Amino acid sequence: MHVTQPSSMEYQRPEEAQLPTNKYRSATHWYLSFFWRSPGLVILSLGVSLISTLLTLAPSILLGVAFDVLKNEGFSTGFILICLSIIGTAILNFFFTFITNYAWTLAAFRFERDARQEFFDTIQNHSMGFHDSIDSSSLLSMAMNEISQMRMGVNPSMRMMSASLLSLIFTMIFFLSFNFTYFLILAIGFPIYLIMVVRYAAVIGPIREELAQRLAVVTRDTQEIFRGIEVVRSFNQEDRENVRFVAGSDNYADIVTKEGRLSAFFWPALVLVAITAIIFGLGLINLANNPDTLNQFIASVSILLSLQFMNFMLPMSILNVRAGKTNADRIWKKMTWQDPVPDLAQEGVLPNWNGDVVFDHIDFQYGQNSKYALKNISITIPKGSRVAVIGGPGSGKSTFLKLLLRLYDPSSGTITFGGVPMTDIPAKEIRRGVTMVEQEVFLFSASVKENIAFAKDNATDVEIYDAAKNAQAEVFINKLPEQFDTKIGERGSKLSGGQRQRIAIARAILADPKVLLLDDSVSAIDSKTELLLRRALDKLMENRTSIVVTQRLRTLLESDFIILFDKGEIAATGTHEQLLEISEQYKTIFKALPEIVGGK
């Protein structure tokens, strides 16, 4: 049997050339890509919209004819037929409008789906430098709220604006056909109207930018409160966090209110009102002088009133289109983030796992303005050796391991695998051979089986079971309600610290790496389980390079050599016995080890 992993089977991560930042020239190009992502649906919608718009105007024209027939012929058969025609066009309009809306909406939701996937692909492709500098909650807000706002800018807003434009064009054609004066009024008034609409949209832009920023703050605060709910409750700070949330929510509400006021007073609407009033006045004058113009008067007023409905809907459409553009700009800035240390490795260059791992004068800092986390690190780790790494907090131990995973590139110096420089090897190739069990274990909100199988596509149940058994996790897993199929909650919240670490170790065992990195991975495991786990790790470490950050005496004794870190530098190297002789700092650490303090 095989573990079902739909995400890895159905979706393939795009290559660099396929990323949206390489496909689109700008945020505007990306936003407007809606029109050519589903061209068939968009063309169908626009084509049917032409018919729908004509059918929308038809009742107004027929209404004028009906009044003319009623005046001349009374309640005649012709009048009844015209009334039936009005009903028929309304029914047809409903049908064609449904097709228009359905096709456009389907294309819009496909656009939202694709845009969200492109955002995910691009952000996932950024280096750890990006993720260290950007709040994850703001990325969450962009992925969910702001991309949805882009879709709302497309549908219904762009659809309604296109329908309004078509209505305007057909209205002008209608007026041109029977009254040039009315046409001239529209031809002069509507450009003024459109200019004012553009200025209105420009005013909205900064407000929408601030709205997106404040929504990101509310999302961040909410995420932090819920993630830290245990800390909040343990210190009785519910009221404090409630005040914090209310403040953020009120700030968001303030800018929404400001936008609402701007939407309510849509000053370009005054132009359409003026056009309607002028044509209405001229129509009354013409009607007084020539009663035969009654049908033209009724049709004209009816059409202009329908345009007034468009006028009421246009402000919200403009708001949403402008909001979509603003959010597209914000998202695009994150997607086009310039990595200060880009991955320039060429495909096809592979690490030489049969050679040594060499650090040659490595310096590293997490940011250009931050202090160096590692300084002048030069050391050779022979193939198949067991290396223990020890040192005080902040000494550079974890950073040392992260460089081996190529989560970061050195600020200077070279790391080689069997003589091949790490920067010449694609990061994904390195991570196929290097596996790390981190100090702060991260588990997904999935089943035990899915968390272990994360390390290997198409892992069989037998492989997963053996990995759990070797990680000493089998016993407690079988005691869970649904055993391997038990959902473990967000970040493994339903498991103890030791259980989470054993799941992580099982995941590493399943990966079968060439280089194994363990960052204090047995710190949350009791001594009995640690003894059993050591047996499994001994087998796992056979014929492979292993580097363990540890505070355990047994690990230090069984290592081929130990690296002692201090303030980002290598203070000393050697076996346990050698370091006891040459390093006073190591002696101090040795005396503070749990086994020594506990008298074991």
Side-chain angles (χ1 to χ4, degrees), residues 1-9 353 384 386 401 404-405 428 430-489 491-550 552 554-555 558:
M1 292 187 297
H2 289 76
V3 178
T4 301
Q5 291 181 304
S7 59
S8 61
M9 295 299 293
W353 300 116
R386 297 186 182 185
L401 300 189
L404 285 171
L405 263 176
K428 62 182 180 181
I430 292 176
R431 292 164 197 160
R432 284 179 181 146
V434 181
T435 296
M436 179 176 178
V437 179
E438 63 278 8
Q439 186 174 21
E440 296 182 5
V441 173
F442 183 90
L443 299 179
F444 296 94
S445 302
S447 67
V448 172
K449 180 190 293 184
E450 289 169 322
N451 271 280
I452 297 175
F454 189 78
K456 182 179 180 181
D457 293 339
N458 301 319
T460 65
D461 287 349
V462 173
E463 289 174 323
I464 294 170
Y465 180 85
D466 288 343
K469 184 177 181 180
N470 289 332
Q472 306 303 309
E474 173 195 10
V475 174
F476 87 79
I477 291 175
N478 286 329
K479 292 180 180 179
L480 296 174
E482 297 180 48
Q483 300 181 341
F484 279 82
D485 292 321
T486 302
K487 301 292 184 181
I488 61 175
R491 302 175 68 92
S493 59
K494 295 181 180 179
L495 303 178
S496 68
Q499 290 172 337
R500 288 197 294 269
Q501 286 195 328
R502 277 176 275 177
I503 295 295
I505 291 171
R507 187 164 60 189
I509 292 173
L510 182 63
D512 191 25
K514 304 296 183 182
V515 178
L516 178 66
L517 310 177
L518 303 173
D519 188 356
D520 211 17
S521 60
V522 296
S523 60
I525 297 176
D526 58 79
S527 57
K528 179 180 179 181
T529 304
E530 181 188 353
L531 180 61
L532 296 173
L533 185 60
R534 288 298 171 190
R535 295 173 183 172
L537 292 178
D538 285 343
K539 184 177 181 180
L540 176 63
M541 291 178 187
E542 288 179 359
N543 301 318
R544 79 179 81 231
T545 305
S546 61
I547 304 173
V548 185
V549 173
T550 187
R552 300 284 182 174
R554 180 181 294 274
T555 303
E558 294 177 350

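Below, all heavy atoms of this structure are taken into account, side chains as well, without hydrogens, waters or symmetry copies. Keep in mind it's a predicted model, so treat the numbers as computed, not measured. Counting begins at 1 with the first residue of the sequence.
Between L405 and R431 there is a side-chain heavy-atom pair separated by less than 4.5 Å. Contact check for F454 versus I503: no side-chain heavy atoms found under the 4.5 Å cut-off. Here the side chains of W353 and V515 are in contact, with some heavy-atom distance below 4.5 Å. When side chains are defined from C-beta on, R500 does not count as touching I488, because their heavy atoms never get closer than 4.5 Å. Two residues are said to be in side-chain contact when any heavy atoms from C-beta on lie closer than 4.5 Å; L495 and L443 meet this criterion. Side-chain atoms of K449 and D461, non-hydrogen and from C-beta on, do get closer than 4.5 Å to each other. With a 4.5 Å cut-off on side-chain heavy atoms, L510 and E463 count as touching.
Residues K487 and E450 are paired through a salt bridge, judged by an N-O separation under 4.0 Å between the basic side chain and the carboxylate. Salt bridge D512/R544: present, at least one basic N to carboxylate O contact under 4.0 Å.
Shown here for P513 and A508, the closest heavy-atom pair between the two residues is CD-O, 3.5 Å. Contact record, A459 with A453: CB-CB, 4.4 Å, taken as the closest heavy-atom pair. Contact record, V441 with A504: CG1-CB, 3.7 Å, taken as the closest heavy-atom pair. Here the closest heavy-atom approach between residue L517 and residue L401 is recorded as CD1-O, 3.5 Å. Closest non-hydrogen pair, A471 versus R502, comes out as O-CG, 3.4 Å. Across all non-hydrogen atoms, the minimal contact from I452 to A467 is CG2-CB, 4.4 Å.
Separation of atoms NZ (K469) and CG (N478) is listed at 11.0 Å; rounding is to 0.5 Å. Atom CD1 of residue I509 and atom CG of residue D466 lie 10.0 Å apart, to the nearest 0.5 angstrom. Atoms CD and CD, on Q499 and Q501 in that order, are 11.5 Å from each other to the nearest 0.5 Å. The distance from atom CG of L516 to atom CE of M436, rounded to the nearest 0.5 Å, is 10.5 Å. We find the CG-CD1 distance between D485 and I477 to be 11.0 Å, quoted to the nearest 0.5 Å.
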Audit row: R507, N451, side-chain contact (heavy atoms from CB on, under 4.5 Å) steps and yes/no:
CA-CA 7 Å; R507 187 164 60 189; N451 271 280; 4.0 Å; yes
